There are 2 protein chains.
Amino acid sequence: MRRVPHPWAAHRRAGAFAVTETRIQTRNRAAIREAALEVFSRQGFGGATLDAIAGEAGLSKPNLLYYYPSKEAIYEDLLTGLLATWLDPLIALDPAGDPVEELLAYMRRKLDLSRQMPRESRLFAGEILRGAPVMMGHLTGELQRLVSEKSDLIETWAAEGRIAPVDGRQTIISIWALTQHYADFDVQVRAVLGDTDPFDSAATHLDALFRRMLSVR
Amino acid sequence: MRRVPHPWAAHRRAGAFAVTETRIQTRNRAAIREAALEVFSRQGFGGATLDAIAGEAGLSKPNLLYYYPSKEAIYEDLLTGLLATWLDPLIALDPAGDPVEELLAYMRRKLDLSRQMPRESRLFAGEILRGAPVMMGHLTGELQRLVSEKSDLIETWAAEGRIAPVDGRQTIISIWALTQHYADFDVQVRAVLGDTDPFDSAATHLDALFRRMLSVR
DNA sequence: CGTCAATTTGACCGGTTGGTCAAATTGCAT
DNA sequence: ATGCAATTTGACCAACCGGTCAAATTGACG
């Protein structure tokens, strides 16, 4: 019998009562997620070590494993916990809004994510690069449905002549590619652009690009 | 004293004579590069193991290390050996050609690379994702110079009114982002697109996108 | 204060990793 | 066929990996 209940086994002792998190648990779990994001996003899953994450979080390795059962569990918790944040901008694409402005706003929201959450972007990128061993289910599930719905909307706009004729799915993919690139390939972009802030000039450039691509003439 | 000269120490015994490669060396080195490409591109540098590469190449691990001094050496040899292939399409951007058609042709060459060499694309992507520990010198050297030259050309075209006014560097970055995405995020693209061949519909879509972006009206 | 649960730690474990080495085997030129 | 260099291998190693465990320490609450 286990005499030391680990926090990650919380559901085991839940019973009829709500499982409340200790202040310490809240603090340390947050520190671990922050540290894991830092390490996983730069080293990839394979290159990351529990020692590195524990060190970054200011904990000992056994202490880390008191809060998460395994390296995989931390990685999965990070990814699934961030998924909603990553999908929100697309969900916000509004059928009632002006088509061109809606798509431009979506692009800007995605570019803001790249600017403000580059590590999260690289974490996702690394996962997809390796063939999405953890996220595959989400890709063929929620993501596929969401993209299907929104690309239908885009193509409706196109059919109504309110934007140029485009492939809805390809349009969404283009927005992903063009915005994520500035986070995922950060060092390359900066090497090529020199001193200028990549995101400022990217915002101007992408604004013009999508306006030209989408506007009816 | 070393009594068994390893092939990778070739320069040590070169002296005044040209160093010729054995048939066996040529075959095994090629097999190792092929295997390493397979493993590194999927597992990343950190996740890859010498055993996995050796197994994929059909060699024993010590035999592998007879041809390369270390894991890092294989990785670096792969990257630097592939760099020229990756830069060639941009080098081929011709000042004498028609501006829009030249840029479209560059985009198509890059998309073809993504289609035909997705593992190489993912290898580069993984390296850049981790902050380019190996390639940083090339990024701030050859790449920066090449991009500088070609973006000047693009902006000359723009100033002459032969294409729409664009930021040369940002235009090149957009071409990279939009084409590499189909190789690097392959599984996501396929999850979203379903059965249709991503590259066929991408070619059509990107052709229209860049035509609209670049053409003067 | 006491006490019990929550938290933290050092010591440890079996497996894997990158890499070495001496010896065995093979290929090749004479 | 023989002799030497090129190639291959099994056995091995120290370091590191993810993870465990019992014991020690700390925090919360009456």
Side-chain angles (χ1 to χ4, degrees), chain A residues 1-15 17 19-32 35-36 39-40 43-77 134, chain B residues 1-15 17 19-32 35-36 39-40 43-77 134:
Chain A
M1 288 298 109
R2 195 199 313 288
R3 313 211 282 118
V4 178
H6 292 237
W8 47 266
H11 58 282
R12 294 260 179 91
R13 62 200 154 93
F17 303 99
V19 178
T20 49
E21 238 188 13
T22 301
R23 268 200 316 281
I24 296 178
Q25 275 179 37
T26 310
R27 169 171 47 86
N28 283 349
R29 277 186 167 273
I32 291 170
V39 175
F40 279 133
Q43 314 293 333
F45 180 81
T49 68
L50 288 180
D51 280 304
I53 298 171
E56 183 84 17
L59 301 174
S60 66
K61 184 168 59 171
N63 201 182
L64 201 178
L65 289 163
Y66 173 70
Y67 291 97
Y68 282 92
S70 70
K71 182 181 168 184
E72 279 85 356
I74 308 175
Y75 183 71
E76 292 182 22
D77 188 41
V134 169
Chain B
M1 289 300 108
R2 196 199 312 286
R3 314 209 281 120
V4 178
H6 292 237
W8 49 262
H11 58 282
R12 294 259 179 92
R13 63 202 153 94
F17 302 101
V19 179
T20 50
E21 239 188 12
T22 302
R23 267 200 316 280
I24 296 178
Q25 275 178 38
T26 310
R27 168 171 46 87
N28 283 349
R29 277 185 167 274
I32 290 170
V39 175
F40 279 133
Q43 313 293 333
F45 180 80
T49 69
L50 288 179
D51 281 304
I53 298 171
E56 183 84 17
L59 301 174
S60 65
K61 185 168 59 171
N63 200 180
L64 201 179
L65 289 162
Y66 172 70
Y67 291 98
Y68 282 92
S70 69
K71 182 181 167 184
E72 279 85 356
I74 307 174
Y75 183 71
E76 292 182 23
D77 188 40
V134 169

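Below, read A as the first sequence line, B as the second, and so on, with proteins coming before strands; counting in each chain starts at 1. Because the structure is a prediction, the values reported are computed rather than measured.
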Can you give me the N/O atom pairs linking the protein to nucleotides 26-30 of chain C at distances under 3.5 Å, or say none if there are none?
| unit_1 | atom_1 | unit_2 | atom_2 | d |
| --- | --- | --- | --- | --- |
| dC28(C) | OP1 | Arg23(B) | NH2 | 2.5 |

Measuring to OP1 and OP2 of [N], would you say a side-chain N or O of [X] lies under 4.0 angstrom away?
| X | N | result |
| --- | --- | --- |
| Tyr67(A) | dT8(C) | yes |
| Tyr66(B) | dT8(D) | no |
| Gln25(B) | dT7(D) | yes |
| Ser60(A) | dT8(C) | no |
| Asn63(A) | dT7(C) | no |

To the nearest 0.5 Å, what is the distance between [atom1] ([X]) and [atom2] ([Y])?
| X | Y | atom1 | atom2 | result |
| --- | --- | --- | --- | --- |
| Ile32(B) | Arg27(B) | CD1 | CZ | 10.5 Å |
| Arg29(A) | Asp77(A) | CZ | CG | 6.5 Å |
| Ile53(A) | Gln43(A) | CD1 | CD | 10.0 Å |
| Asp51(B) | Glu56(B) | CG | CD | 13.0 Å |
| Glu21(A) | Asn28(A) | CD | CG | 10.0 Å |
| Leu59(A) | Leu50(A) | CG | CG | 12.0 Å |

Expected rows: protein N/O vs nucleotides 13-19 of chain D N/O, under 3.5 Å:
| unit_1 | atom_1 | unit_2 | atom_2 | d |
| --- | --- | --- | --- | --- |
| dG18(D) | OP1 | Ala48(A) | O | 3.2 |
| dG18(D) | OP1 | Lys71(A) | NZ | 3.1 |
| dG18(D) | OP2 | Leu50(A) | N | 2.9 |
| dG18(D) | N7 | Lys61(A) | NZ | 2.9 |
| dG19(D) | OP2 | Lys71(A) | N | 2.8 |
| dG19(D) | O6 | Lys61(A) | NZ | 3.4 |

For the pair made of [atom1] in [X] and [atom2] in [N], what is the distance, rounded to whole Å?
| X | N | atom1 | atom2 | answer |
| --- | --- | --- | --- | --- |
| Arg27(B) | dT7(D) | CZ | C1' | 10 Å |
| Arg29(A) | dT7(C) | CZ | C1' | 14 Å |
| Asn28(B) | dT8(D) | CG | P | 5 Å |
| Tyr75(B) | dG18(C) | OH | C1' | 17 Å |
| Ile53(B) | dG18(C) | CD1 | P | 8 Å |
| Glu21(B) | dA5(D) | CD | C1' | 16 Å |

> Under 3.5 Å, is there a donor-acceptor pair between the side chain of Lys71(A) and the main chain of Ala48(A)?
Replying inline: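 Yes, the answer is positive, given that a donor and an acceptor are paired below the 3.5 Å cut-off.
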>> For the backbone of Gln25(A) and the side chain of Thr22(A), can you confirm whether one donor and one acceptor N or O come within less than 3.5 Å of each other?
In response: no
>> Using side-chain heavy atoms (C-beta onward) and a distance below 4.5 Å, is Val39(B) in contact with Phe45(B)?
In response: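 Sidechains of Phe45(B) and Val39(B): no contact.
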>> Measuring only between side-chain heavy atoms, which start at C-beta, is Phe40(B) closer than 4.5 Å to Ile74(B)?
In response: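 Phe40(B) reaches Ile74(B) side chain to side chain.
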> At what angle, to 10 degrees, do the two end axes of the helix from dC1(C)-dG30(D) to dT30(C)-dA1(D) meet, given five pairs define each axis?
Replying inline: 20°
> Between Ala57(B) and Ala31(B), which heavy-atom pair has the shortest distance, and what is it?
Replying inline: CB-O, 3.8 Å
